[in-house]
Every structure is written in C-alpha cells, then in structure tokens.
Amino acid sequence: MTTCGASRAALPCSALAERTPLQDIIADLKWRGLVHQQTDEKLAAWLGEKSRTLYAGFDPTADSLHVGSLIPLLMLRRFQKAGHRPIALVGGATGMIGDPSGKSEERNLLDVDALAANVAGIEAQMRMLLDFEGDRGAKLVNNFDWMRSFSYLDFLRDVGKNFPVSVMMAKDSVKTRLGRDDVGISYTEFSYMLLQAYDFVHLHEQFGCELQLGASDQWGNITAGIDLARRMKSVQLYGLTCPLLTKSDGAKMGKTESGTVWLSPSRTSPYAFYQYWINVDDADAGKCLRFLTELEQKEVEALDAARESDPGKRESQKRLAEELTRMIHGDAGLATARRATEIFFGAEISELSDAQLGEIFADVPSQQLARERLEGEGLNVVDALVEASLAGSKSDARRTVAQGGAYVNNRRVENVDAQLGPADLASETVMVLRSGKKKYALLRFKA
RNA sequence: GGGGGGUUUCCCGAGCGGUCAAAGGGGUCAGACUGUAAAUCUGAUGGCACUGCCUUCACAGGUUCGAAUCCUGUACCCCCCA
C-alpha cells in the first residue's frame, strides 16, 4: 500500500498540499449536503481569506477505521484539496474515556497497549487519503501525547474552572443519558467533553488550528471547545458538522449481517467492500455519491438521472463501488474485487492458481482434506458438500444436488452419484464448491 | 392447599390406538423470474447403507399384535378457587 494511496478521481497526493488558489469549499460541501451545522454563516468568506488550519478527531476503538469514519476523513481531504491544512487527531486519551455522544451505554475502557496499536493502524490508513508533505501538509496528532502529562489538579484549575456544570448538563449528549434510569453516566464520561474541548484549545495554540469538523453528534463537544477557547485565550474558533451517514430506513451505514465494513483489507476484503457499495439501496445511492466520492456535481446529477430512468442498470452503485474501492484499496484492490465479483456471480472457474483463488475467495470458509481422497474412485459430490459444510447432512446434500443447486467450480452438478477427481481441481490444490446462488466453500487437497 | 389445562419435529400449531417421520402456517434451503433489489411462483425441509431401515412427539415405566395418541409416576408451564 503506497502512502499516496489510490486515488484516481482525486489529484495525486503530492499535489494536494501545494494547490492554490483557495476554492470555495463550503459551496461544494453544501451541494453535497455535507453541511449540517456551522457556528458562523460567514465561514465561507472566512475560509476564502487565507489558508486555514482545521481538525477532526477519530476514535481509536479498533486498529482500523470503518465506513462511518470515512466522511470526516474525507472532509479533511476535501479541505486540504481546497487549500487548507488538515490535522487528524487520534483520540488516544479520549479513547480511554469514551464519548457519551450517541451512545446509550458506558463504554469499556481500553488499555494503553491496545490503544497504541490502534492508533498505529489508523494512522496508516490516513496516510492514504491525506498528504502529509509540504508546509500545508496534514498533521497527525494523538491527544494522549499532551494529556498524559497533564496533572489532574492542573487540569481542574486550568480547564475545569471554565466549565459551568449547568452548561455541561444541558448538552444533549449528557442530557439523554441522564434522562434514562437504566444506564446512567459515570463521572469519567461526563468529563469527556472537557478533554475534547481542551484538544481544540491545544491545537489552536500549537498549530493555529481554528476550525473543528465532526459528525453532527459532535456539535456539543465542538461548541464546548469554542467556549473554552474564548474563556481561556479570548480567541474565536469555529465549528462545522456534517450529517451522520444513515440509510433511508434509518439504520447506520456500514453495517452488514456479518458486521462492520472496515477500511482495512485484512478485516474486510476488497471484494466484500466493493460488494457493500454495489448493494446500496437506490434510495441511498445519491447520498453516498455526494458524501463519499469526489465526483463533481454534474457527474453526480447525471447518475441521479440515470438511476431515475433506468434503475436496473445500477450505474450509481457501480460507480460508487468503483470510486470507493479504488480510493481505499487502490487499483489492484479494485481489480481483485472485480475479478472476484465476476467469479462469484457465475463465471466458470478453471486455470487459476492457488494464490489467485486464495485472494478471490478470501472470505470463504475452507476445509482441508487429504489428497488421496481424490485418487481412485474419487470423492463423491455428496460427501464433498458435507465436508465443506455446505450441507448439514448427506440427505441435505443429496437434496441440494437433486434440486440443481450444487456446483463444482461453478459448473452445475447434474448427478448425485458424480465422483470428483484430480481433474476437478480449479487450481493446483483447490476445489471450489457452491450451494445455491452464492454460498461458497473451498476444499483444499494437500498431499 | 383444592380443581382444571398443557408439554408434538427449527418456531407456531394440528393430531386423540394402526393408513404418522406426523396436517397447516412461519422460518430455512434449493429452483424459476429479476436489477447481485423487492415481490412472486415451484419444490424441499429427522438420519442413514434412501422403493428399505433407524431415531423422533417433556422424562421414566406400563397396557396392547401395535402408542404421539390409553394407564401410572416424575419434571416444568398455564388457568381457576382458597
């Protein structure tokens, strides 16, 4: 994975930081629907005056970001492209506390080692989307670095003093938790906003950061930071939030039955990632294109029109999947995803290598069998299906075959008595079994 | 404490001595159709050595040539009266 990642629609990373003059980023964000709330209506003009420094925070709850973090991260990228300097803040310290916003329960605290590993993983992913070179290069900071040595007493005197409890209690994030009698909120989580508020002040002092971006649930934390800066330093800072990415049915984007859609290829294969976007509902496709790609307005609107007139073609979804897979997994990742798609949807499998199959079927369960089972009489299809766990019993397997639902290397098996031999291997040692439309399993035959 | 009802295959629910691996629905699986959608339609749905055999109807015994169905006891659940 190269530092510069995989953007094609976007400019090469190296050009991001140098790009001038300033573009009207707010106008772009507005048509995309990415502006939820802003602290000042004159933000556009303010940003037009000169290159500004801004930041967004990310939770290090795992060693990879997921689709949900993509919007703010792309926001940073958009600002950088428009001529500003982004800072990505990884919440090594705040991650130990847990943000009560949008959560219904107290969070489990992470230990220091786990956090360090998570921060490292996330950092690598950010390097794909942001340009860290040059004087307008992005910065990556970890609030653990400045919070670790901040003593409790000093923090209470310098920061806590500026927070009226009445104001803190009034924040939605706290209020909703206090309103419930089944969960409550600990003092630790209650203090969370102080930490995030202080981050903003610190980044302003250290890097001249003046604007904080976040999802809409961050509004309270952002304004807390702005208030704190005014009280502590008498400076005016700004905030901008974007909507949360939700589906038309209200559910969160980026979740499948099998779990979260991650950016890391070891957690979510490029194929699974690609498939996630291919399967986006028509109703959500336009929003995703606006929120998550860098396609221009004209292009997005053309896709809207195409979706309207010929939804079956699913041009929007295809384009979305293509853009995002390339952005996150590079051209090579996109190629893999596409080839996997072709094969998953019926293309007969032959003349492939173990390595290729391994890549394509990365998410598919496999079972190892002795090579001898293919010799002589061969392996009965029914037994093969059972070994591969595609059938719960031999009866079940027989039924599947009888009903025309069993495939070997994507070739339908016609006969219950079929025997599989070495000729049925798709590669050196692997046989691809399938039951139904897209339930796959591999059998690996080792000597 | 007294009286009554219940416990069926993944779920709901029929069955009330042989024709019961057990109706029907849901779910699930497969097929057709389709936009890798939704809806719809068709088939399948205990196991195996599969025109046959074996194991299942709360559990343990019993009556019968034969029981998910009858009897006895045990466990759990529900309702009514105190």
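Chain identifiers are assigned alphabetically (A, B, ...) following the order of the sequence lines, protein sequences preceding nucleic acid strands; residue numbering begins at 1 within each chain.
In this structure, A/E342 atom CD and B/U36 atom P are separated by 14 Å, rounded to whole Å. For the pair A/D363 CG and B/U36 P, the computed distance is 20 Å after rounding to whole Å. The nearest whole Å value for the distance from the OH atom in A/Y271 to the P atom in B/U36 is 12 Å. Summarising the geometry, the separation between CZ on A/F345 and C1' on B/U34 is reported as 13 Å, rounded to the nearest angstrom. When rounded to the nearest whole Å, the span between CD1 of A/I343 and P of B/U36 equals 18 Å. Note: CZ (A/R399) to P (B/C50) measures 15 Å, nearest angstrom. Computed from coordinates, the A/W277 CH2 to B/G35 P distance equals 24 Å when rounded to whole Å. Protein atom CG of A/L320 is 15 Å distant from nucleotide atom C1' of B/U36, rounded to whole Å.
Under 4.0 angstrom from either OP1 or OP2 of B/U36 there lies no side-chain N or O belonging to A/T341. Look at A/S395 and you'll find a side-chain N or O under 4.0 angstrom from OP1 or OP2 of B/C48. Look at A/K394 and you'll find a side-chain N or O under 4.0 angstrom from OP1 or OP2 of B/A49. Of the side-chain N and O atoms in A/R398, one or more sit less than 4.0 angstrom from OP1 or OP2 of B/A49. Contact between the side-chain N/O atoms of A/R307 and the OP1/OP2 oxygens of B/A37 is not found at any separation under 4.0 Å. Distances shown here put every side-chain N or O of A/Y407 at or beyond 4.0 Å from the OP1 or OP2 atom of B/A30. Regarding contacts with the backbone of B/G47, a side-chain N or O of A/S393 is found under 4.0 angstrom from either OP1 or OP2.
Classification of the A/W262-A/H66 ring pair by plane angle, with boundaries at 30° and 60°, yields perpendicular. Between A/H329 and A/F273, the ring planes lie perpendicular to each other; the angle is over 60°, past the 30° to 60° tilted range. Between A/F344 and A/Y440, the angle of the ring planes goes over 60°, which puts this pair in the perpendicular group of the 30/60° scheme.
Distance check on atom P: B/G52 versus B/G3 gives 50 Å, rounded to whole Å. For the P atom pair drawn from B/U45 and B/C20, the interatomic distance equals 16 Å after rounding to whole Å. Rounded to whole Å, the separation between the C1' atoms of B/A22 and B/U9 comes to 8 Å. Taking atom C1' in both B/C57 and B/C70, the straight-line distance is 16 Å, to the nearest Å. With C1' as the reference atom, B/C80 and B/C16 are 25 Å apart, rounded to whole Å. Comparing B/U34 with B/C53, their C1' atoms sit 44 Å apart, to the nearest whole Å. Here, B/C77 and B/A23 have their C1' atoms 26 Å apart, quoted to the whole Å. Remark: the separation of the C1' atoms in B/U64 and B/G13 is 29 Å, to the nearest Å.
Side-chain contact between A/I349 and A/F361: present, with at least one pair of heavy atoms (C-beta onward) separated by less than 4.5 Å. Put simply, the side chain of A/K318 reaches to within 4.5 Å of the side chain of A/I278, judged on heavy atoms.
Stretches of at least 3 consecutive Watson-Crick or G-U wobble pairs, with each checked distance under 3.5 Å, appear in RNA chain B as B:1-7 with B:75-81, B:10-12 with B:24-26, B:27-32 with B:40-45, B:46-48 with B:52-54, B:58-62 with B:70-74.
Comparing A/G405 and A/K438, the nucleotide of RNA chain B nearest to each residue sits closer to the 5' end for A/G405. Mapped onto RNA chain B by nearest heavy atom, A/V280 and A/S435 fall at different nucleotides, with A/S435 at the one closer to the 5' end.
A salt bridge is absent between A/E342 and A/R338: the closest approach of a Lys/Arg side-chain nitrogen to an acidic carboxylate oxygen does not fall below 4.0 angstrom. Taking the charged nitrogens against the carboxylate oxygens, A/R307 and A/D282 have no contact shorter than 4.0 Å, which rules out a salt bridge.
At a threshold of 4.0 angstrom between heavy atoms, the contacts of A/R412 are confined to the sugar-phosphate backbone, with no base atom among them. Using a 4.0 Å heavy-atom cutoff across all strands shown, A/G312 reaches at least one base atom of the nucleic acid. Using a 4.0 Å heavy-atom distance criterion, A/K439 is classed as a sugar-phosphate-only contact. Using a 4.0 Å heavy-atom criterion, one finds that A/D282 contacts the bases of the nucleic acid, with or without backbone contacts as well.
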Exercise. Taking it one step at a time, do A/T223 and A/K171 satisfy side chain to side chain contact (heavy atoms under 4.5 Å, CB included)?
Worked result: CA-CA 10 Å; A/T223 54; A/K171 301 271 180 192; 3.1 Å; yes

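Below the 3.5 angstrom threshold, one finds no donor paired with an acceptor across the side chain of A/D310 and the base of B/G35.
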For nucleotides 39-43 of chain B, tabulate all protein N/O to nucleotide N/O atom pairs closer than 3.5 Å, reporting atom names and distance.
from	atom 1	to	atom 2	distance (Å)
B/G43	N2	A/Q403	OE1	3.2
B/G43	N2	A/Q403	NE2	3.4
B/G43	N3	A/Q403	OE1	3.2

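Taking both residues in full, the closest heavy atoms of A/Q125 and A/S264 are given as NE2-N, 3.3 Å, listed atom of the first, atom of the second, then distance. In terms of heavy-atom proximity, A/L263 sits nearest to A/V67 at CD2-N, 4.3 Å. Contact detail for A/A426 and A/N409: the closest heavy-atom pair is CB-OD1, 3.3 Å. Nearest heavy atom pair, residue A/Y238 against residue A/T39, reads CA-OG1, 3.5 Å.
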